[in-house]
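A short worksheet on the structure shown next.
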Amino acid sequence: LFIPLLVFSLLAALCALHANKNVHFALAGILTGLACLCRPVILYFPPMLVLVALAGLLRRKLNIRLLGLALYLTCFYLTLSPWAYRNWRELGTPVFTSTNTGMVLATSVMPRHGKLFGFDLQKNYMPPEDRHILDLPELERNQALKELAINHLISHPQEIPRETLLKTMYFLSPFDWEIMGHLEGVFNPWFVLVSLLAALALARMGWNPGRVLTVAIPFYFAA
């Protein structure tokens with residue numbers, strides 16, 4: 001559901017940019033909130049988009065009312081609020097995303113075999129002194145995994161350039177060493193072809209706020 005919701009939220013945001021109607025701002029906020037409930041990675045995009053729009057307002061390049069931007073953010077967070085309320089009732093904290101962010105961070109800086117991302121940490125892949133973390137309550141486990149990952153980065157800064165390169169290849173998928181079942185790595189021609197066609201299209205098309213908004217999504221994910 002994430003991809004179609006994200007696409008329709010961008011369409012509503014583009015309509016809001018062009019038509020400057022409150023209904024479009026509200027719809028964009030609701031759809032982005034629903035997309036965020038599918039994949040929390042999009043959580044920071046709406047406030048960043050509002051900041052960019054405000055910069056355009058200050059430079060008089062966009063004819064957008066502040067009320068529309070406020071409505072967009074309000075509808076976005078209201079859509080997330082039932083989930084945050086549920087977490088407040090269950091966990092004692094109004095978490096707007098998930099309690100798996102620590103696991104994601106830990107596996108991204110300590111990948112299995114030094115190159116396999118996307119797998120949850122298992123006790124047999126952790127030092128004995130850290131295995132108790134996986135037995136902690138949900139929120140405590142999440143925070144402990146974040147601290148474990150940060151401490152690992154501080155202790156092993158030499159791994160950052162190599163892991164950054166691996167994550168970039170993993171994100172763009174010119175080579176695949178997980179999903180297609182080849183742990184030694186295999187060339188993935190379809191992602192390369194799509195990437196080349198996308199780069200060619202971006203180079204040929206004219207630029208306007210709508211196209212900048214669309215192109216910003218993959219760069220946001222990569223960041």
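Separation of atoms CD (Glu163) and NE2 (His156) is listed at 10.0 Å; rounding is to 0.5 Å. Taking NZ of Lys167 as the reference point, atom CZ of Arg162 lies at 11.0 Å (rounded to 0.5 Å).
A 4.5 Å side-chain heavy-atom check between Thr99 and Thr93 finds every atom pair outside the cut-off. In this structure, the side chains of Asn87 and Phe96 stay at 4.5 Å or more apart for every pair of heavy atoms. A 4.5 Å side-chain heavy-atom check between Leu105 and Ser108 finds at least one atom pair inside the cut-off. Proximity of His113 to Tyr125: side-chain heavy atoms (C-beta onward) are separated by under 4.5 Å at one or more points. No side-chain heavy atom of Leu121 sits under 4.5 Å from any side-chain heavy atom of Arg131. In this structure, Leu148 and Met110 have side chains that are in contact, with non-hydrogen atoms separated by less than 4.5 Å. The closest side-chain heavy-atom distance from Leu145 to Val104 is not below 4.5 Å. Using a 4.5 Å cut-off on side-chain heavy atoms (C-beta onward), His18 and His24 make no contact.
By the 6.0 Å contact criterion, CZ on Arg141 is enclosed, its count of non-hydrogen atoms from other residues, nucleotides or ligands being greater than 12.
No continuous path of hydrophobic side-chain contacts links Ile217 to Phe191 [ILVMFWY only; heavy atoms under 4.5 Å]. There is no path of hydrophobic side-chain contacts, each under 4.5 Å, that joins Met103 to Leu43. At a threshold of 4.5 Å between side-chain heavy atoms, the hydrophobic network of Ile, Leu, Val, Met, Phe, Trp and Tyr places Phe221 and Leu37 in one connected group. Grouping the Ile, Leu, Val, Met, Phe, Trp and Tyr side chains by contacts below 4.5 angstrom, directly or via other members, places Leu69 with Tyr44. Taken together through direct or relayed side-chain contacts under 4.5 Å among Ile, Leu, Val, Met, Phe, Trp and Tyr, Leu31 and Val23 form parts of separate hydrophobic clusters.
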Next item on the list: Any chance you could lay out the side-chain contact (heavy atoms from CB on, under 4.5 Å) test for Val95 and Leu139, step after step, and finish with the verdict?
Entry: CA-CA 10 Å; Val95 179; Leu139 288 177; 4.1 Å; yes
Item checked: From CA spacing to verdict: side-chain contact (heavy atoms from CB on, under 4.5 Å), Leu134, Met126 -> CA-CA 10 Å; Leu134 298 183; Met126 300 175 65; 3.6 Å; yes
Check: What's the verdict on side-chain contact (heavy atoms from CB on, under 4.5 Å) for Tyr220 and Ile42, showing C-alpha distance, side-chain angles and the deciding distance?
Finding: CA-CA 9 Å; Tyr220 167 83; Ile42 203 68; 4.1 Å; yes
Item checked: Asn22/Arg65 under side-chain contact (heavy atoms from CB on, under 4.5 Å): CA gap, chis, key distance, verdict -> CA-CA 9 Å; Asn22 289 339; Arg65 292 174 295 178; 3.4 Å; yes
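Between the side chains of Thr101 and Asn142, at least one donor N or O sits under 3.5 Å from an acceptor N or O.
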Which atom pairs, one a donor and one an acceptor, fall under 3.5 Å between side chains of residues 1-15 and the rest of the protein, sequence neighbours left out?
unit_1	atom_1	unit_2	atom_2	d
Ser9	OG	Leu5	O	3.4
Ser9	OG	Leu6	O	2.6

Show the atom names and distances, to 0.1 Å, of all donor-acceptor pairs under 3.5 Å that link a side chain in residues 70-78 to residues at least two apart or in another chain.
unit_1	atom_1	unit_2	atom_2	d
Thr74	OG1	Ala70	O	2.7

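The aromatic rings of Trp88 and Tyr85 are tilted relative to each other, their planes meeting at an angle between 30° and 60°.
Residues forming a salt bridge (Lys or Arg N to Asp or Glu O under 4.0 Å) with Lys123 (at least two apart in sequence, or on another chain): Asp135.
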